[in-house]
Amino acid sequence: MTSAPLSQQRLLIDLQRLDSQLARLTHERKHLPVLERIEATVQQLKLNRRRAVVAAAALDEAQANAKTREEEVDQVVHRAQVLRERLSSGAAPARELTAIQSEIDQLGRRQAVLEEAQIAAMEQLEAARTEVDAAAAEEKEIRAGGRELTAARDADFARLDAEIADARGKRNDLAAAIGDALLAEYEAVRKSTGGLGAVALHGRRVEGGGVEISPQEYARIAAAPQDRVIHAEENDVIVVRMED
């Protein structure tokens with residue numbers, strides 16, 4: 001079994017505190033609330049882009065439809081104008097006057113129908129333009145909000161990175177003061193438990209958890225030499241005695 005001066009073993013408790021701090025800071029960095037908000041903003045932007053694509057397609061269709069309706073009205077108006085000029089010129093044979101006037105009347109009714117369709121097409125065009133503008137305005141708003149969130153994330157990252165760097169520096173300095181064999185044992189335990197390498201024992205009370213070990217466990221630990229590295233029976237964590 002590993003042996004190390006009790007003073008060295010007690011350094012493991014300080015090392016564990018730094019490791020726990022680093023784990024907490026790393027977890028905090030990965031799970032910042034602002035990151036979820038940024039992801040939600042990205043999804044919102046994707047939805048908006050789909051909306052903008054649909055709106056742009058609808059606008060193209062509405063523009064084409066409005067142009068078609070305008071051309072139809074222009075054709076009818078032009079044809080009616082030609083007939084009126086022919087009718088008023090007196091050049092048309094008398095037998096054709098009734099037919100010309102009948103066609104002019106039909107064109108008038110046709111023009112009224114086409115103008116109603118043209119008005120509807122213009123309304124659709126206006127609605128399509130409004131939707132395109134709304135999608136563009138929403139994208140601008142989303143991007144502005146995204147820039148604010150990114151700035152907040154970067155500020156949090158800078159703060160946490162500084163704390164992590166400071167804790168890592170302290171850990172490196174402290175680890176250098178611990179014997180290789182003891183440090184390796186601590187690291188092995190910490191790896192097997194997912195982060196917990198050593199706990200401090202004050203009498204029968206385990207620091208941090210308010211848990212007391214059993215009398216039998218305490219007797220086993222108390223009977224061991226001071227330089228003996230003790231492991232808990234339940235989970236193999238190193239138990240560091242904090243009282244001489």
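Nothing fancy with the numbering, it's 1 onward along the sequence. Side chains are part of it too, since the values below use all heavy atoms of this structure and drop only hydrogens, waters and symmetry mates. As the structure is a computational prediction, the values presented were derived from the model and not from experiment.
Put simply, CG on Leu25 and NZ on Lys30 are 12.5 Å apart, with the number rounded to the nearest 0.5 Å. Atom OG of Ser20 and atom CD of Gln16 lie 4.0 Å apart (nearest 0.5 Å). Between the CZ atom of Arg220 and the CD atom of Gln216 there is a distance of 11.5 Å, given to the nearest 0.5 Å. Remark: Gln81 CD to Leu107 CG distance equals 11.5 Å, nearest 0.5 Å. Note that CG of Leu83 and CG of Leu87 are 8.5 Å apart. Values are rounded to the nearest 0.5 Å. Here the OG1-CD distance, from Thr68 to Gln63, works out to 11.5 Å after rounding to the nearest 0.5 Å.
Both Ile164 and Leu35 are assigned to one and the same hydrophobic cluster, defined by single-linkage of ILVMFWY side chains at heavy-atom distances under 4.5 Å. Note: the hydrophobic cluster containing Val76 does not contain Val113 (ILVMFWY, side chain heavy atoms under 4.5 Å, direct or indirect links). Under a hydrophobic clustering in which Ile, Leu, Val, Met, Phe, Trp and Tyr are joined whenever their side-chain heavy atoms come within less than 4.5 Å, directly or via other members, Leu183 and Leu174 fall into the same cluster. In the hydrophobic clustering of this structure, Leu114 does not group with Met122; members are Ile, Leu, Val, Met, Phe, Trp, Tyr whose side-chain heavy atoms approach within less than 4.5 Å, directly or through other members. Residues Val77 and Ile100 share a hydrophobic cluster, clusters being chains of Ile/Leu/Val/Met/Phe/Trp/Tyr side chains in contact below 4.5 Å.
The two residues Met242 and Ala200 come nearest to each other via the heavy atoms CG-CB, 3.6 Å. Contact record, His231 with Val239: C-CG2, 4.3 Å, taken as the closest heavy-atom pair. Contact detail for Gln9 and Ala4: the closest heavy-atom pair is NE2-O, 3.0 Å. Listed here is the closest heavy atom pair of Ala66 and Ala121: CA-CB, 3.9 Å. The nearest pair of heavy atoms linking Ala177 to Leu11 is O-CD1, 4.0 Å. The minimum heavy-atom distance linking Leu182 with Ile178 is given by the pair CD2-CG2, 3.9 Å.
The side-chain heavy atoms of Asp19 and Tyr186, taken from C-beta on, include a pair separated by under 4.5 Å. The shortest side-chain heavy-atom distance between Leu125 and Asn65 does not fall under the 4.5 Å cut-off. Counting heavy atoms from C-beta outward, Val240 and Val199 have side chains that stay 4.5 Å or more apart. Here the side chains of Ile221 and Glu217 are in contact, with some heavy-atom distance below 4.5 Å.
For His202 and Glu207, the side-chain atoms include at least one donor-acceptor pair closer than 3.5 Å. With no hydrogens or angles considered, no side-chain donor-acceptor pair links Glu85 and Ser89 at under 3.5 Å.
Heavy atoms from other residues, nucleotides or ligands lying under 6.0 Å from CZ of Arg153 number more than 12. The number of heavy-atom neighbours closer than 6.0 Å to CZ of Arg204, taken from other residues, nucleotides and ligands shown, is above 12. Other residues, nucleotides and ligands place more than 12 heavy atoms under 6.0 Å from the CD atom of Glu71. Within a 6.0 Å sphere centred on CD of Glu28, heavy atoms belonging to other residues, nucleotides or ligands number more than 12.
Between the side chain of Arg69 and the backbone N or O of Ala64 there is no donor-acceptor pair closer than 3.5 Å. Under a 3.5 Å cut-off, the side chain of Asn172 and the backbone N or O of Arg168 do form a donor-acceptor pair. Distance alone, capped at 3.5 Å, places no donor-acceptor pair between the Glu139 side chain and the Leu45 backbone. Between the side chain of Arg190 and the backbone N or O of Leu196, no donor-acceptor pair lies under 3.5 Å. Side chain of Arg228 to main chain of Ala223: no donor-acceptor pair is present (N/O by atom type, distance under 3.5 Å, no hydrogens or angles). Judged purely by atom type and a 3.5 angstrom limit, Gln124 has no side-chain atom pairing as donor or acceptor with the backbone of Ala62. Looking at Thr193, its side chain does come within 3.5 Å of a backbone N or O of Val189 through a donor-acceptor pair.
The list of salt bridge (Lys or Arg N to Asp or Glu O under 4.0 Å) pairs with a residue in residues 102-124, not counting sequence neighbours, reads Arg79-Glu103. Legend: ring-ring contact (aromatic ring centres under 6.0 Å, His included) pairs involving residues 7-34, not counting sequence neighbours, sorted by first then second residue: His27-His31.
Using a cutoff of 4.0 Å between basic side-chain nitrogens and carboxylate oxygens, Asp161 and Arg29 are scored as salt-bridged. Glu70 has no carboxylate O lying under 4.0 Å from a charged side-chain N of Lys67, or vice versa, which leaves the two without a salt bridge. In summary, Glu96 and Arg86 engage in a salt bridge, as defined by a charged side-chain N under 4.0 Å from a carboxylate O. Under 4.0 Å is where a charged nitrogen must lie from a carboxylate oxygen, and between Arg51 and Glu138 at least one such pair does. Using a cut-off of 4.0 Å between Lys/Arg side-chain N and Asp/Glu carboxylate O, Arg159 and Glu163 are scored as salt-bridged. Salt bridge present: Glu187 and Arg171 bring a charged side-chain N and a carboxylate O closer than 4.0 Å. Salt bridge Asp173/Lys170: absent, no basic N to carboxylate O contact under 4.0 Å.
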Candidate pair Ile213 and Val206, rule side-chain contact (heavy atoms from CB on, under 4.5 Å), full reasoning: CA-CA 7 Å; Ile213 62 175; Val206 176; 3.9 Å; yes
Run the side-chain contact (heavy atoms from CB on, under 4.5 Å) check on Asp227 and Leu6 step by step: do they pass? CA-CA 6 Å; Asp227 63 349; Leu6 195 55; over 6 Å; no
Gln21/Leu18 under side-chain contact (heavy atoms from CB on, under 4.5 Å): CA gap, chis, key distance, verdict: CA-CA 5 Å; Gln21 180 185 6; Leu18 288 170; 3.8 Å; yes
Can you list the steps and then say if Leu160 with Leu32 is a side-chain contact (heavy atoms from CB on, under 4.5 Å)? CA-CA 10 Å; Leu160 290 168; Leu32 285 169; 4.0 Å; yes
